[in-house]
A.B. asks: 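Got a structure here, written out as structure tokens. Questions coming.
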Amino acid sequence: MFKATAQACANIALIKYWGKRNQAFNIPATDSLSLTLDKLTTTSTIEFSDKFTADTLSLNDTPLIKDARLTMWLDIVRKKADCTQYASVSSTNHFPTASGLASSASAYASLTVAATHALKLNLSIQEQSDLARQGSASAARSLLGGLVLLPSGTDPQGKDSVAVAIDDCSDWDIAMIIVVINHGKMKSMSSRDAMNHCAKTSPLYQCWLDTTSSDIKQAKQAIAQRNLNTLGTIMEHNTFAMHGAAWASRPPVRYATPATIAVLDSVNELRKQNIDCYITMDAGPHVKILTTHKHIDAVENRLKTITGVTEIITSGVGKHAALV
Ligand code: PMV
């Protein structure tokens with residue numbers, strides 16, 4: 001039977017990638033460094049069969065119409081396995097499916113494990129990473145647990161743009177608070193479209209590319225020294241550099257809402273009270289706060305007073321993706 005189920009955790013990039021060096025193989029233009037999160041998981045089941053007449057996807061038990069991106073990715077998997085059968089895919093996110101909450105990372109990571117198992121492809125973790133990246137670049141990182149580096153690499157087909165686990169954080173008390181913010185009427189642009197638009201039109205895009213390698217270097221040092229303050233400070237700088245480049249696109253790409261800004265202000269205030277907490281943001285209005293377990297209550301209590309914050313999810317460090 002060509003069927004398997006797997007689960008993967010989402011990840012949040014502390015040092016982001018934003019822009020691709022190759023579209024066909026979906027290779028990021030810069031290295032990125034992320035934290036895998038145990039509270040944000042996706043379970044995916046995939047079945048390949050002659051009885052199917054098309055690829056189908058159901059997300060959180062709701063059947064979706066054709067997903068062109070998924071079919072393109074399934075074609076890559078099928079080619080590797082010499083398979084001609086269509087697939088039925090069903091994915092469940094155990095967290096709100098919202099832009100900027102990295103659901104494509106955990107979705108494609110869980111699908112990679114499930115699909116390669118279903119088709120009995122005996123791939124190395126590097127080959128799985130290469131495959132996951134072609135679905136969603138951040139998915140390559142979700143195959144692994146703890147702190148994970150995804151290099152941009154130099155290979156034209158991205159064979160060296162595969163994720164590496166750099167620290168399992170077993171001796172480090174770090175946590176991430178996901179602050180879900182109501183989108184209101186705002187229609188968000190997907191990360192894929194937004195980064196391509198930014199690369200094409202923003203005069204700050206090259207500055208953004210130039211800043212990342214030193215951010216990665218400093219972040220790795222801070223991790224080795226278990227220095228949350230240095231890591232958090234670089235993470236914030238990196239987020240604002242990415243969003244600054246996005247704001248300077250024509251037309252601008254802007255994700256922050258008034259509630260987003262209120263959360264940023266609160267984090268600044270909390271830091272003045274010696275509470276170690278630092279923000280990062282992706283392609284959506286939500287804010288992710290890096291902190292330690294002892295500060296969680298203080299941060300959550302402050303967040304609960306902010307209008308527009310609809311949910312607070314506190315997560316620890318997640319492990320690698322696996323078959324269920
Ligand atoms: O690979 P995608 O399409 O999930 O894009 C991820 C983009 C960011 O979340 C903004 C940055 C990152 O490195 O995760």
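Whatever order the structure lists them in is the order used to number ligands and atoms, beginning at 1. Residues: numbered from 1 along the sequence shown. Bear in mind that the values here come from a model prediction, so they are computed numbers and not experimental data.
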A.B. asks: Strictly under 4.0 Å, does any heavy atom of Ala105 approach an atom of ligand 1?
C.D. replies: no
A.B. asks: Out of Met195, Arg69, His243, Arg141, indicate the one that has the non-hydrogen atom closest to atom 14 (O) of ligand 1.
C.D. replies: Arg141
A.B. asks: Polar contacts were defined as any N/O atom of the residue lying under 3.5 Å from an N/O atom of the ligand; does this apply to Ser191 and ligand 1?
C.D. replies: yes
A.B. asks: Does any N/O atom on Ser138 come nearer than 3.5 Å to any N/O atom on ligand 1?
C.D. replies: yes
A.B. asks: Decide whether an N or O pair under 3.5 Å exists between Tyr17 and ligand 1.
C.D. replies: yes
A.B. asks: Which atoms of ligand 1 are found less than 4.0 Å from any heavy atom of Lys16?
C.D. replies: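 Checking each atom against Lys16, I get 11 (C), 13 (O).
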A.B. asks: Could an N or O of ligand 1 be found under 3.5 Å from any N or O of Asp282, whether backbone or side chain?
C.D. replies: yes
A.B. asks: I'd like to check which ligand 1 atoms, numbered from 1 as shown, lie under 4.0 Å from a non-hydrogen atom of Ala137.
C.D. replies: 1 (O)
A.B. asks: Go through ligand 1 atom by atom and flag the ones less than 4.0 Å from a non-hydrogen atom of Ser104.
C.D. replies: 4 (O)
A.B. asks: Quick check: do Leu147 and Leu33 have side-chain heavy atoms less than 4.5 Å from each other?
C.D. replies: yes
A.B. asks: Do other residues, nucleotides or ligands put more than 12 heavy atoms under 6.0 Å from the CG atom of Asn122?
C.D. replies: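 No, not enclosed.
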A.B. asks: Look at atom NZ of Lys20 and say whether more than 12 heavy atoms of other residues, nucleotides or ligands are closer to it than 6.0 Å.
C.D. replies: yes
A.B. asks: Please list, in number order, the atoms of ligand 1 under 4.0 Å from a heavy atom of Ala13.
C.D. replies: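 What qualifies from ligand 1 is 12 (C), 13 (O), 14 (O).
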A.B. asks: Of all the atoms in ligand 1, which lie at a distance below 4.0 Å from a heavy atom belonging to Trp18?
C.D. replies: 10 (C)
A.B. asks: Do other residues, nucleotides or ligands put more than 12 heavy atoms under 6.0 Å from Lys272 NZ?
C.D. replies: no
